[in-house]
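Questions regarding the structure given below will be posed in turn.
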Amino acid sequence: MCEVKREALTLESAQRSVEKWTLRSQSVSVEIISLGAVITSIKTLDRSGHTADIVLGFDDLGSYLTNPRYFGAVVGRVANRIAKGQFVIEGKVYKLAINNGPNALHGGLKGFDKYVWTCEAVENGVRLSHSSAEGDEGYPGNLKVSVTYTLEENILTVQYFAQTDQTTPVNLTNHSYFNLAGQGTPDIYDHEVTISAEAYLPVDDTMIPTGEIRPVENSLFDLRKPVLLGPRLKELPGPGFDHNFCLWVPGQPKLERKCARVVHPGTGRVLEVSTTQPGVQFYTSNFLDGSLGGKGGTSYPKHSAFCLETQNWPDAVNQPQFPESLLRPGEEYMHTTRFTFSVA
């Protein structure tokens with residue numbers, strides 16, 4: 001059984017109200033705000049019975065208006081990168097804002113993370129809804145989106161749904177940053193990570209997939225057995241992981257699969273992720289630099305958290321060999337991701 005509580009907050013700088021929803025079971029509590037459908041807090045127990053907040057974020061509501069690193073937010077209309085900020089549908093070129101090097105990232109200058117969503121209570125949780133108009137950030141079609149968060153015992157389920165009146169790319173995810181030792185802990189080097197993927201997507205120097213689907217076998221990207229992050233990040237060329245791991249390929253059924261398991265041996269906390277999505281973007285917070293003030297006066301340096309962003313493959317709208325990214329009128333976009341919290 002999950003206790004569901006709603007509060008009304010005032011966002012003074014924007015002169016509008018924001019709702020805060022708290023989902024609480026015996027072992028886990030989750031806080032969500034209607035601004036950006038952001039998960040602002042996840043509190044779980046360690047092996048000693050102590051509670052800690054394991055996601056990065058802010059104490060003040062106003063900081064989520066800018067939220068430059070997308071802490072806890074639902075990002076869309078298209079999560080991740082679109083090469084050169086453009087794509088073609090039925091012969092028509094659509095151009096998007098360029099907001100990440102030469103590319104478009106996470107829906108644009110004002111993506112779904114910058115809007116206040118409409119909320120309604122559901123059993124064991126809350127459903128948040130948003131309407132994105134034709135031409136919003138350059139995308140075609142009127143898109144209706146909902147994200148439903150439910151908590152049952154130690155499992156947080158996130159269900160994504162969308163419908164459109166014109167063909168458009170859609171790729172939704174939640175961008176929570178986790179540190180199982182507790183947010184504010186300076187690094188994740190003592191975390192052990194497993195990702196159940198046989199392949200990953202190499203990227204170019206602007207972080208766009210090259211088009212190759214490369215087996216992880218005999219590479220630093222082979223995370224099929226538990227890997228301690230600190231030593232692996234030292235071996236890895238570049239600033240860290242920011243790569244899509246392929247969970248299934250076109251032609252395989254869209255089934256919910258276990259995709260990742262992260263363990264923090266010091267506290268015993270375990271996070272397991274399952275999803276119906278074809279990919280998970282594993283990101284080790286390479287672009288955090290300590291400049292953002294976090295909860296409780298902490299700062300968040302490089303490698304102080306990890307993200308497991310379940311989603312379609314990056315730039316899929318421009319790469320026909322990748323899983324289908326287009327949603328057409330009459331179709332339904334539906335995906336489920338589950339986060340299971342436990343203690344080892």
Side-chain angles (χ1 to χ4, degrees), residues 1-7 19-34 37-57 71-74 117 119-128 146-161 172-183 185 188 191-196 226 247 255-277 280 295 305-311 334-344:
M1 188 65 188
C2 170
E3 175 192 350
V4 180
K5 178 183 172 186
R6 175 192 172 275
E7 298 174 62
E19 293 182 22
K20 174 184 168 184
W21 291 73
T22 303
L23 316 182
R24 183 175 287 111
S25 69
Q26 283 192 322
S27 59
V28 179
S29 73
V30 181
E31 294 179 1
I32 299 143
I33 57 173
S34 56
V38 168
I39 295 174
T40 58
S41 171
I42 299 177
K43 293 177 180 175
T44 69
L45 299 171
D46 67 9
R47 69 162 65 91
S48 301
H50 298 131
T51 298
D53 187 352
I54 60 169
V55 292
L56 276 54
F71 291 154
V74 169
W117 296 47
C119 303
E120 61 178 316
V122 298
E123 187 176 0
N124 296 318
V126 58
R127 178 181 297 118
L128 299 98
S146 71
V147 177
T148 304
Y149 296 107
T150 53
L151 180 64
E152 296 180 73
E153 297 182 357
N154 63 329
I155 302 174
L156 174 65
T157 300
V158 189
Q159 294 173 293
Y160 301 91
F161 178 85
L172 304 176
T173 194
N174 179 277
H175 208 304
S176 288
Y177 288 69
F178 294 93
N179 187 317
L180 300 185
Q183 71 81 30
T185 305
I188 48 170
H191 287 52
E192 295 176 351
V193 176
T194 310
I195 296 180
S196 305
L247 306 177
L255 303 173
E256 185 174 337
R257 294 170 168 84
K258 291 182 179 179
C259 69
R261 186 174 192 265
V262 185
V263 179
H264 182 248
T267 60
R269 286 193 183 91
V270 179
L271 169 63
E272 294 172 287
V273 183
S274 64
T275 188
T276 57
Q277 289 276 22
V280 59
K295 301 173 189 173
F306 65 90
C307 303
L308 290 164
E309 306 160 59
T310 56
Q311 56 185 264
M334 292 172 53
H335 278 289
T336 300
T337 296
R338 291 182 221 276
F339 300 94
T340 301
F341 307 98
S342 59
V343 175

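Hydrogens, waters and symmetry mates play no part in the numbers below; they use all other heavy atoms, side chains included. Index from 1, following the sequence.
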Report the residues that fulfil ring-ring contact (aromatic ring centres under 6.0 Å, His included) with His191, sequence neighbours left out, ordered by chain and then residue number. His264, Phe306
Name the atoms and distances for all side-chain donor-acceptor pairs under 3.5 Å in residues 50-57, with sequence neighbours left out.
| from | atom 1 | to | atom 2 | distance (Å) |
| --- | --- | --- | --- | --- |
| Asp53 | OD1 | Ile42 | N | 3.2 |
| Asp53 | OD1 | Val55 | N | 3.3 |
| Asp53 | OD1 | Lys295 | NZ | 3.4 |
| Asp53 | OD2 | Ser41 | OG | 3.3 |
| Asp53 | OD2 | Lys295 | NZ | 2.6 |

Will you find, in the side chains of Glu256 and Ser274, an N or O donor that is under 3.5 Å from an N or O acceptor?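 Per modelled atom types, Glu256 and Ser274 side chains form a pair under 3.5 Å.
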Tyr149: partners by ring-ring contact (aromatic ring centres under 6.0 Å, His included), with sequence neighbours left out: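 Once residues adjacent in sequence are excluded, Tyr149 has no partner under the ring-ring contact (aromatic ring centres under 6.0 Å, His included) criterion.
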Between the main-chain N or O of Ile155 and the side-chain N or O of Thr340, is there a donor-acceptor pair closer than 3.5 Å?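 Looks like no, no N/O pair under 3.5 Å.
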The single option from Asn174, Val74, Ile32 passing side chain to side chain contact (heavy atoms under 4.5 Å, CB included) against Val147: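 So the option named by the test is Val74.
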Salt bridge (Lys or Arg N to Asp or Glu O under 4.0 Å) partners of residues 146-157, not counting sequence neighbours, each pair once: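 Qualifying pairs, neighbours excluded: none.
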When you compare the side chain of Val28 with that of Thr44, does any pair of heavy atoms fall below 4.5 Å?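 Yes. Closest side-chain heavy atoms under 4.5 Å.
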Testing the basics here: between Asn179 and Thr185, what is the closest heavy-atom pair and its distance to 0.1 Å? ND2-O, 3.2 Å
Who pairs with Thr275 by side chain to side chain donor-acceptor pair (under 3.5 Å), at least two apart in sequence or on another chain? Thr337
As an exercise, state the distance from NZ of Lys258 to CG of Leu247, rounded to the nearest 0.5 Å.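 Here the interatomic distance stands at 14.0 Å.
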For residues 19-31, which residue pairs pass the side-chain hydrogen bond (donor to acceptor under 3.5 Å, both in side chains) check, not counting sequence neighbours? Arg6-Glu19, Glu19-Trp21
Between Cys307 and Ser176, which heavy-atom pair has the shortest distance, and what is it?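 Between these two residues, the closest heavy atoms are SG-O, 3.4 Å.
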Identify the two heavy atoms, one from Cys259 and one from Thr310, that lie closest to each other, and give their separation to 0.1 Å. SG-CG2, 4.4 Å
Taking all non-hydrogen atoms of both residues into account, name the closest pair between Gly125 and Val4 and its distance.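 Nearest pair, atom of Gly125 first, then Val4: N-CG2, 3.5 Å.
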Mind running side chain to side chain contact (heavy atoms under 4.5 Å, CB included) on Leu271 and Phe339 for me, showing each step along the way? CA-CA 7 Å; Leu271 169 63; Phe339 300 94; 3.9 Å; yes
Among all residues two or more places apart in sequence or in another chain, which pass the side chain to side chain donor-acceptor pair (under 3.5 Å) test with Thr194? none
Suppose we screen for side chain to side chain donor-acceptor pair (under 3.5 Å). Which residues come up paired with Gln183, at least two apart in sequence or across chains?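 Testing Gln183 for side chain to side chain donor-acceptor pair (under 3.5 Å), a comparison that skips the adjacent residues, returns Tyr300.
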On a heavy-atom basis, the closest approach of Leu128 and Cys119 is CD2-SG, 3.7 Å
To the nearest 0.5 Å, atom CD1 of Ile188 lies from atom CG of Leu180 at 9.5 Å
Step by step, would you call Val262 with Leu308 a side chain to side chain contact (heavy atoms under 4.5 Å, CB included)? CA-CA 10 Å; Val262 185; Leu308 290 164; 4.0 Å; yes
With sequence neighbours left out, what residues match Glu120 under side chain to side chain contact (heavy atoms under 4.5 Å, CB included)?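 Checked Glu120 against side chain to side chain contact (heavy atoms under 4.5 Å, CB included); matches are Arg127.
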What one should report as the nearest heavy-atom pair of Val280 and Ile195 is CG1-CG2, 4.2 Å
Applying side chain to side chain donor-acceptor pair (under 3.5 Å), name anything that partners Ser146, two or more places apart in sequence or on another chain. none
Please list all pairs passing the salt bridge (Lys or Arg N to Asp or Glu O under 4.0 Å) test where one or both residues lie in residues 265-274, with sequence neighbours left out.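 For residues 265-274: Arg261-Glu272.
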Pro265 vs Glu192 side-chain heavy atoms within contact, under 4.5 Å: yes
Given side chain to side chain contact (heavy atoms under 4.5 Å, CB included), test Asn124 with Leu151 step by step and report yes or no. CA-CA 6 Å; Asn124 296 318; Leu151 180 64; 5.8 Å; no
Out of curiosity, Met334 CE to Tyr160 OH, how far, rounded to the nearest 0.5 Å? 14.0 Å
Are side-chain heavy atoms of Thr150 and Leu23 found at a separation under 4.5 Å? no
Verdict with supporting geometry, Ile39 and Leu156, side chain to side chain contact (heavy atoms under 4.5 Å, CB included): CA-CA 11 Å; Ile39 295 174; Leu156 174 65; 4.1 Å; yes
